[in-house]
Amino acid sequence: MEVIEGCRLPVLRRNQENEDEWPLAEILSVKDISGRKVFYVHYIDFNKRLDEWVTPERLDLKKIQFPKKEAKTPTKNGLPGSRPSSPERDLKRKLEAVSLTTQCSPATPVAPAPEIPTPVFAQNGSVRRPVSVVTGRKRKAGCLGTDEDSQDSSDGIPSAPRMTGSLVSDRSHDDIVTRMKNIECIELGRHRLKPWYFSPYPQELTSLPVLYLCEFCLKYLKSLKCLQRHLTKCNLRHPPGNEIYRKGTISFFEIDGRKNKNYSQNLCLLAKCFLDHKTLYYDTDPFLFYVMTEYDCKGFHIVGYFSKEKESTEDYNVACILTLPPYQRRGYGKLLIEFSYELSKVEGKTGTPEKPLSDLGLLSYRSYWSQTILEILMELKSENGERPQITINEISELTSIKKEDVISTLQYLNLINYYKVGQC
């Protein structure tokens, strides 16, 4: 019985309680390693960060469900269409199409390259349309920065493809390639990180056992030797921007996506490894990035960040937010959220994160909203013997939390209820 892409069957995995379980999973890809097949599986109803390569021993072949056969459509030559492409063939075909477009002269009429699905980048989505890759075209002056802003390829690593556009919530562009993790491991300073999701680093890097990043400028390099050579030339010891807050060893740096384009793009590539609900974009001009760092004798080490639009018509005070895995469960996420609302207070506005929130993002925001609102309610004092009163608008003004978020939090805490007329 041959297991093919698209099959569904139970797969053995260990849960958080260190117990064996057999959740239903879908086979996304099959490959041979030293003459032995391994399978990339996505656990149905589980987050994609749990996807992994498994060996045949972990598959329950007795309960396999084969994909439904689709009717074969005739091609121009009258031959039936082939079966769906594998991820490797898909990616190869797209890269060949892009390469063909860039190599042709501008005067040669060429059919447009197929649209490459825009990979998803962050914690929540927006309502803008997806954008396609534009290659082989000269950039207008002042549009995406000068050529000096591009990733330095002196170490033999090509730049990632440049895209224009912004954040997208439409997931219809996802395909089998972007559903699979493509980076095995990332070394960032003293930490080694296992990515959770796909990130569009150059294809040459995806086959490496470890991708090396400079922890100060976030440039990606293919080997430890290249990293060591780069560190002798890199003068940065903190994110390139203005330090706007410091307490103890914690500092916040404000980075303009237009002035520090290369750093901002590298930050987006790194963040995409751990965020799944936004489109990765390279036009960073409309955004500000707030990077939180920890200081020691070697410099300021990145802990997490959030980004926001310079001008938001929908009162968004956060576009993307991330705490890197080594620093999670230590209160840094709540500090990032609180800092975003403190900026909203300085601006005299109420704010809200772009939605929908991811599962972890919703937990973090709901925890912050609940704690902040409950603290205000507990501090209320009665006047003239009457019960203390406060309106939702007053809570919103005190906290800079948007009214809709205040209402949803109070409902979550069962502190307010709606009744129809006549109900009690």
Can you check whether [Y]'s main-chain N or O pairs, donor with acceptor, with [X]'s side chain at less than 3.5 Å?
X    : Y    : answer
Y40  : K181 : yes
D296 : G299 : yes
S370 : S367 : no
R192 : E187 : no
T350 : K402 : no
E215 : I302 : no
S344 : S340 : yes
S199 : L269 : yes

Side chain proximity check, [X] to [Y], heavy atoms < 4.5 angstrom:
X    : Y    : answer
T372 : I395 : no
L398 : I376 : yes
L360 : N47  : no
C273 : Y197 : no
Y305 : M292 : no
L335 : R330 : no
P10  : L59  : no
S307 : V318 : no

S364 vs I337, test: side chain to side chain contact (heavy atoms under 4.5 Å, CB included). Steps then yes/no.
CA-CA 8 Å; S364 299; I337 294 172; 3.8 Å; yes
Mind checking whether [X] and [Y] have ring centres under 6.0 Å apart?
X    : Y    : value
F289 : F306 : no
F216 : H238 : no
H191 : Y327 : yes
F339 : F252 : yes

Kindly compute the distance separating [atom1] ([X]) from [atom2] ([Y]), expressed to the nearest 0.5 Å.
X    : Y    : atom1 : atom2 : answer
Q203 : S207 : CD    : OG    : 8.0 Å
L218 : Y263 : CG    : OH    : 4.5 Å
N15  : D20  : CG    : CG    : 8.0 Å
S400 : K345 : OG    : NZ    : 6.0 Å
L343 : E338 : CG    : CD    : 11.0 Å
C217 : N262 : SG    : CG    : 8.0 Å

Which heavy atom of [X] sits nearest a heavy atom of [Y], and at what distance?
X    : Y    : answer
L188 : C214 : CD1-O, 4.1 Å
K37  : P56  : O-CD, 3.3 Å
N260 : P240 : ND2-O, 3.3 Å
P326 : L193 : CG-CD2, 3.3 Å
P239 : I255 : CB-CD1, 3.7 Å
F300 : S251 : CE2-OG, 3.6 Å

Looking at [X], I want to see if its [atom1] is surrounded by more than 12 non-hydrogen atoms of other residues, nucleotides or ligands under 6.0 Å.
X    : atom1 : result
E311 : CD    : no
K298 : NZ    : no
F46  : CZ    : yes
E184 : CD    : no
R14  : CZ    : yes
R246 : CZ    : no
E17  : CD    : yes

side-chain hydrogen bond (donor to acceptor under 3.5 Å, both in side chains) for S312 and E314? Distances and angles first, verdict last.
CA-CA 5 Å; S312 175; E314 301 184 45; over 6 Å; no
Below 4.0 angstrom, N of the basic side chain to O of the carboxylate: do [X] and [Y] qualify?
X    : Y    : value
E52  : K194 : no
D285 : K261 : yes
K31  : E5   : no
D276 : R179 : no

Starting from the C-alpha separation in whole Å, work towards a yes-or-no answer on salt bridge (charged side-chain N to carboxylate O under 4.0 Å, His left out) for E243 and R237.
CA-CA 12 Å; E243 185 180 11; R237 288 298 175 266; over 6 Å; no
Would R13 count as a cation-pi partner of Y43, with NZ or CZ less than 6.0 Å from the six-membered ring centre and within 45° of the ring normal?
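Verdict for Y43: a cation-pi partner in R13.
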Any chance you could lay out the side-chain hydrogen bond (donor to acceptor under 3.5 Å, both in side chains) test for E294 and Y332, step after step, and finish with the verdict?
CA-CA 11 Å; E294 264 190 353; Y332 289 120; 2.3 Å; yes
Stepwise, does the side chain to side chain contact (heavy atoms under 4.5 Å, CB included) test hold for T352 with E404?
CA-CA 9 Å; T352 185; E404 291 80 358; over 6 Å; no
Test side chain to side chain contact (heavy atoms under 4.5 Å, CB included) applied to C226 and R229, step by step:
CA-CA 5 Å; C226 291; R229 184 168 64 245; 3.7 Å; yes
Can you tell me if Y316 and E354 form a side-chain donor-acceptor pair at under 3.5 Å?
no
By side-chain contact (heavy atoms from CB on, under 4.5 Å) - contacts of N182 (at least two apart)
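Result, side-chain contact (heavy atoms from CB on, under 4.5 Å) vs N182: F198, T206.
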Once side-chain contact (heavy atoms from CB on, under 4.5 Å) is applied, do any residues pair with K403, and if so which ones, sequence neighbours excluded?
I392, N393, S396
Could you point out which residue of L227, L213, L270 forms a side chain to side chain contact (heavy atoms under 4.5 Å, CB included) with Y220?
L213
Applying side chain to side chain contact (heavy atoms under 4.5 Å, CB included), run through T293 and H301 and close with a yes or a no.
CA-CA 5 Å; T293 64; H301 309 278; 5.8 Å; no
